[in-house]
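Bear in mind the structure is a predicted one, so any value in this text is a computation, not a measurement.
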Amino acid sequence: MIDVAAHLAAVLEAVRPLDAESRDVAAARGRVLRHPVHAAVDVPAFDSSAMDGFAVRDLDRPATLRVVADLPAGTEQDPRMDAADAARIMTGAPVPTDATAVVPFEDTVHGLAGGLSPVEIVVPPRAGAHIRRRSSDVRAGDLVVDAGVRLTAGRIGAIAASGVGTVSVSRVARVAVVSTGSELVVAGAPMRRGQIPESNSVLLAGLAEEAGAEVVLRTSVGDEGEGPRAAIAAAEAAGADVVVFSGGVSAGAYEVVKNTLGDLMRFERVRMQPGKPQGFGRTAAGTLLFGLPGNPVSAAVSFELFVRPALRALEGDVELGRAQVRVALAGGWRARPGRTQYVPVSLDRSDPERWRATPTPRGTRGFGEAEGLAVIPSREDDLPPDALVTVALW
């Protein structure tokens, strides 16, 4: 058997990043940035008011001032001012060159209701109060977002605010999902003895989409014939970058993926539970091929450990794994010498300083309620209650 890390390393070594494409920043959320973005303009682009109120000059005591201008956001006005003057100003408007501070409406007698009549200042401002200085956030040329990160709403907002309208991002990875097994029937269809609903393609396609990929093919093949090879041809015709098989990779007599794709894939036993049998390869066209176990939970855990990092690497994402926390086990756990266990768990957050992890019930229903995977390292002795484990958060 080989270690999880060794199998993952072989997978990632085969990954070739996808092509980059230019995209309007407003349509780039969720994509991975391929080139760093530098600010095109200063942010703010000018000294601006941080409050609704009155711009004043060198005011150090309560006073009544004449109002010489009205400055809404977007104005080009730059009125001359002396110590006896004020300019009514709204948030975001350019502060007059002569002004040294902004007095909020709340620090005047009549506030906004006073209109443009002389304004009585009751709380004099400190110098520079409520003025956002030019380039105080970002200077033109500064790095705004580095390459290799996934663009969140906050990041695309920062890019747009810095005056950049187009970014270079990876195209979306395209995935085909193929379930194997002659016993499979479409969920909801009538079943005879020996048949089961086909769920793996639904599960794995959903996981691929949650990882940011586009599913271009979802199908199933039987345990005999050249179904897997035909599925690869169909997937490549649909433009797939990755084909994920579930089932047909173990040690039985009817392991259709293992029996038909030995020239394209290698098959390993990996020191993990669940998910020991794994297959991986690459076609002549460069399509990545994954062979995952047929048990739904085993397939999902295997996807999490191997396929998801590959999808992120295809996009050039520098963050291949999930966020992780150290959490206390609510109960003990039986360790397995020679195997790392990946246990679906739910999290008790009632004590914010000490989260607790509880394994969910076995099977697909419990997996569906899990909030992460607890990693139980290979060891001879069992884990006691309250032992700390690493949990990869979903």
Side-chain angles (χ1 to χ4, degrees), residues 1-19 32 34 147-150 170 173-177 204 207-208 210-213 232 240-246 248-251 257-258 261-293 295 297-326 335-344 372-379 389-394:
M1 288 196 289
I2 65 171
D3 290 334
V4 170
H7 188 60
L8 177 59
V11 168
L12 296 179
E13 186 178 355
V15 170
R16 302 292 179 266
L18 301 171
D19 295 335
V32 174
R34 292 294 289 273
V149 300
R150 198 166 296 272
S170 291
R174 295 187 285 262
V175 177
V177 179
L204 295 173
L207 290 173
E210 287 181 355
I232 292 173
D241 306 295
V242 176
V243 179
V244 181
F245 291 99
S246 65
V249 298
S250 192
V257 176
K258 194 173 184 178
L261 298 181
D263 59 325
L264 296 177
M265 302 175 69
R266 72 174 192 280
F267 298 90
E268 308 276 10
R269 294 182 303 151
V270 182
R271 292 187 182 94
M272 58 185 284
Q273 186 186 31
K276 179 175 69 172
Q278 297 288 330
F280 178 72
R282 187 175 177 181
T283 70
T287 305
L288 300 180
L289 307 175
F290 289 88
L292 310 184
N295 175 275
V297 175
S298 298
V301 169
S302 301
F303 183 99
E304 189 68 25
L305 294 183
F306 306 120
V307 184
R308 188 176 184 276
L311 293 176
R312 297 179 79 86
L314 281 168
E315 294 183 274
D317 199 327
V318 296
E319 195 65 55
L320 301 184
R322 298 279 195 178
Q324 296 183 342
V325 293
R326 294 285 285 174
R336 288 292 302 272
R339 299 268 194 98
T340 301
Q341 296 179 74
Y342 297 89
V343 183
L373 278 182
V375 182
I376 311 296
S378 168
R379 51 188 288 161
V389 296
T390 298
V391 173
L393 297 175
W394 291 342

_Residue pair Arg326 / Thr390, side-chain donor-acceptor N/O under 3.5 Å_ = yes
*No-hydrogen, no-angle side-chain donor-acceptor test under 3.5 Å, Arg339 and Gln273*: no
_Salt bridge flag under 4.0 Å for residues Glu304 and Arg322_ = yes
Closest approach of [X] to [Y] (non-hydrogen atoms, all atoms of both residues):
X	Y	value
Pro274	Val301	CG-CG2, 4.1 Å
Pro277	Val249	CB-O, 3.8 Å
Val4	Phe306	O-CE2, 3.7 Å
Leu204	Val244	CD1-CG1, 4.1 Å
Met265	Val257	SD-CG1, 4.0 Å
Pro377	Thr340	CA-CG2, 4.4 Å

_Here's a test for you: under side-chain hydrogen bond (donor to acceptor under 3.5 Å, both in side chains), which of Lys276, His7, Gln278 qualifies with Ser302?_
Gln278
*From Phe280, Phe303, Phe245, Phe267, residue fulfilling ring pair (Phe, Tyr, Trp, His ring centres under 6.0 Å) relative to Phe290*: Phe280
*Counting N and O atoms only, with roles assigned by atom type, does the side chain of Arg16 sit under 3.5 Å from a partner on the main chain of Glu13, one being a donor and the other an acceptor?*
yes
*Would a 4.5 Å heavy-atom cut-off, applied to side chains only, mark Pro309 and Leu8 as touching?*
yes
